[in-house]
Amino acid sequence: MSTLRIGFVGLGNQARENLLPALAQINGAGIAALCDTDIGRAEQMQGRLGANRIYDSVDKMIGDGGVDLIVMACPPQVHFSGARAAIRAGIPVFVEKPPCLWTHELEELIDDAQKLNVITGVGLNFRHSKAIERVQRIIQSERFGGLAHLCLRHYANKPRTSMWQLDSPVRSFLLAQTIHTIDLAIHLGGPVAALACEVDAKGNSVLIRMSLTFARGVTASIVTGSSFPAFEFGLEAVGANHGLLTLDNLWNVSVRDEAGGAFSPGEKRWSESWQPGPLDSGYIRAGYAVELQAFVDAVASKTRFDADFQAMLPTYKLIDAVCELEPRQPVFRQAAE
Ligand SMILES: NC(=O)c1ccc[n+]([C@@H]2O[C@H](COP(=O)([O-])OP(=O)(O)OC[C@H]3O[C@@H](n4cnc5c(N)ncnc54)[C@H](O)[C@@H]3O)[C@@H](O)[C@H]2O)c1
């Protein structure tokens, strides 16, 4: 199989801390070109990871015809325009979350990608992390019996100012942070049938409580906001056979059920736990290398990538529904079903 040529756009923090090191670990593709409007960043990194060409605009990079797929880590407005240009040129494109600001933009990208048969992807590393892979396997096991209820916590201490020129702190927060957790809830629970939600926003700090009912009867609650001292993520899953699984910060998975287990059949107060190995690569554990490898494999085999633009649509619709409840001045609580 020939090596696919990646054009990487947006050489900021996320690129340098996570995506470029993760790309160095994957098979079947190599970085051919780097692009940033701050050309100094591209110049500094030229030649690293084999990237010989540099650009200060996505359009110029596409126009040169030297890349087979594009990976972007920019502000969402740039993801939208860059992804649209890539799709129209027939080039597969993977963008960090969020892919755009608005649902109508996402629908435009989905429409273009479908018409032109272009593979797309969104960086949602939570769902590709080792811990979530393990959680999914346990939930789907005969013993756990599938999901009955999901309880998710996504606590954060930022952003507390509106980002990307949005005038809504709630939309800004959901697109920057809880997009991961909403995507995960839908990924595990399936299509959403109903939402009840309360939104508190004091200044630019938000606190949101959501109750979801999925079409197959499973329920979920999500507590999220920027009012917390630091980032914290927690998941509890109740199984159809009364098991309880907990995941702490994408790290410790523990599961218990009423009786038994592999080592103590019939015994009460039984539990098992799992953690990533101490020498596991951070980029694999956190899901970055896994999602990028899966995207490259999808491009090589011309098959759909699971976390594509189409898969994001239910998440954007849910974000729209929550934003409709955003308190306006004076700032206090509203609730709705
Ligand atoms: N999945 C995650 O866990 C995670 C974590 C952090 C950030 N992110 C996402 O990654 C993206 C980037 O975040 P960041 O923290 O690296 O931001 P950043 O500001 O550090 O980097 C963005 C880069 O994009 C460049 N850029 C801006 N406009 C451009 C254009 N038109 N063409 C080319 N380059 C352009 C900027 O010069 C900058 O180098 C955001 O969408 C963010 O939400 C995801």
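Order of appearance sets the numbers: ligands from 1, and atoms from 1 within every ligand. Computed from a predicted model, the values in this text were never measured in an experiment.
- Tyr288 has its ring centre no less than 6.0 Å from the ring centre of Tyr283.
- Judged purely by atom type and a 3.5 angstrom limit, Gln140 has no side-chain atom pairing as donor or acceptor with the backbone of Arg137.
- Proximity of Lys97 to ligand 1, defined as any heavy-atom pair under 4.0 Å, is shared by backbone and side chain alike.
- Among the atoms of Trp164, none of the N or O lies under 3.5 angstrom from an N or O of ligand 1.
- Taking a cutoff of 4.0 Å between a charged side-chain nitrogen and a carboxylate oxygen, Glu108 and Arg88 qualify as a salt bridge.
- The backbone of Leu11, and not its side chain, has at least one atom closer than 4.0 Å to an atom of ligand 1 (non-hydrogen atoms only; backbone = N, CA, C, O).
- Near His79, with a cut-off below 4.0 Å to any heavy atom, the atoms of ligand 1 are 41 (O).
- Counting heavy atoms under 4.0 Å from ligand 1, residue Asn125 touches it through the side chain alone.
- Regarding atom 31 (N) of ligand 1, its nearest protein heavy-atom neighbour is Val78 CG1, 3.4 Å.
- Side chains of Phe231 and Gln177 form a contact here, defined as non-hydrogen atoms less than 4.5 Å apart.
- Of all atoms in ligand 1, listed by their number and element, those nearer than 4.0 Å to a heavy atom of Pro75 are 27 (C).
- Counting only heavy atoms from C-beta outward, the side chains of Leu188 and Leu150 approach each other to under 4.5 Å.
- A salt bridge links Asp308 and Arg304; the closest N-O separation between the charged side-chain nitrogens and carboxylate oxygens is under 4.0 Å.
- If you check each of Gly12, Ala15, Pro76, Cys74 against atom 41 (O) of ligand 1, the one with the closest non-hydrogen atom is Cys74.
- Counting protein heavy atoms under 4.0 angstrom from atom 19 (O) of ligand 1 gives zero.
- Atom 16 (O) of ligand 1 is flagged as protein-proximal [any protein heavy atom, distance under 4.0 Å].
- For the pair Arg216 and Phe214, the NZ or CZ position fails the cation-pi test of under 6.0 Å to the six-membered ring centre and within 45 degrees of the ring normal.
- The residue among Asp56, Asn18, Asp36 with a heavy atom at the shortest distance from atom 25 (C) of ligand 1 is Asp36.
- Between Met72 and ligand 1 there is no heavy-atom distance shorter than 4.0 Å.
- Between Gln14 and ligand 1, at least one N/O pair is under 3.5 Å apart.
- For Pro98, the closest heavy-atom approach to ligand 1 falls below 4.0 Å.
- Among Pro99, Ala73, Gly10, the residue whose heavy atom sits closest to atom 22 (C) of ligand 1 is Ala73.
- Using cut-offs of 30° and 60° on the angle between ring planes, the pair Tyr155 and Phe228 is parallel.
- Ranked by closest heavy atom to atom 35 (C) of ligand 1, the top entry among Asn13, Thr37, Leu19 is Thr37.
- Residues Phe126 and Phe233 bring their aromatic ring centres within 6.0 Å.
- Proximity of Val9 to ligand 1, defined as any heavy-atom pair under 4.0 Å, is confined to the side chain (atoms from C-beta onward).
- Near His180, with a cut-off below 4.0 Å to any heavy atom, the atoms of ligand 1 are 1 (N), 2 (C), 3 (O).
- Leu247 CG to Ser254 OG: the interatomic distance, rounded to the nearest 0.5 Å, is 9.0 Å.
- The protein non-hydrogen atom at the shortest distance from atom 44 (C) of ligand 1 is Glu96 OE1, 3.3 Å.
- One finds a salt bridge joining Arg41 and Asp38 here, because a Lys/Arg side-chain nitrogen approaches an Asp/Glu carboxylate oxygen to under 4.0 Å.
- Scanning the protein for heavy atoms near atom 38 (C) of ligand 1, the closest one is Arg41 NH1, 3.3 Å.
- Annotation for Ile70 and Val67: closest pair CG1-CG2, 4.0 Å, computed over non-hydrogen atoms.
- Neither the backbone nor the side chain of Phe8 comes within 4.0 Å of ligand 1, counting heavy atoms alone.
- Contact between Leu106 and Pro99 at its shortest, heavy atoms only, is CD1-CG, 4.1 Å.
- Using a 4.0 Å cut-off to heavy atoms of Tyr288, the atoms of ligand 1 that qualify are 2 (C), 3 (O).
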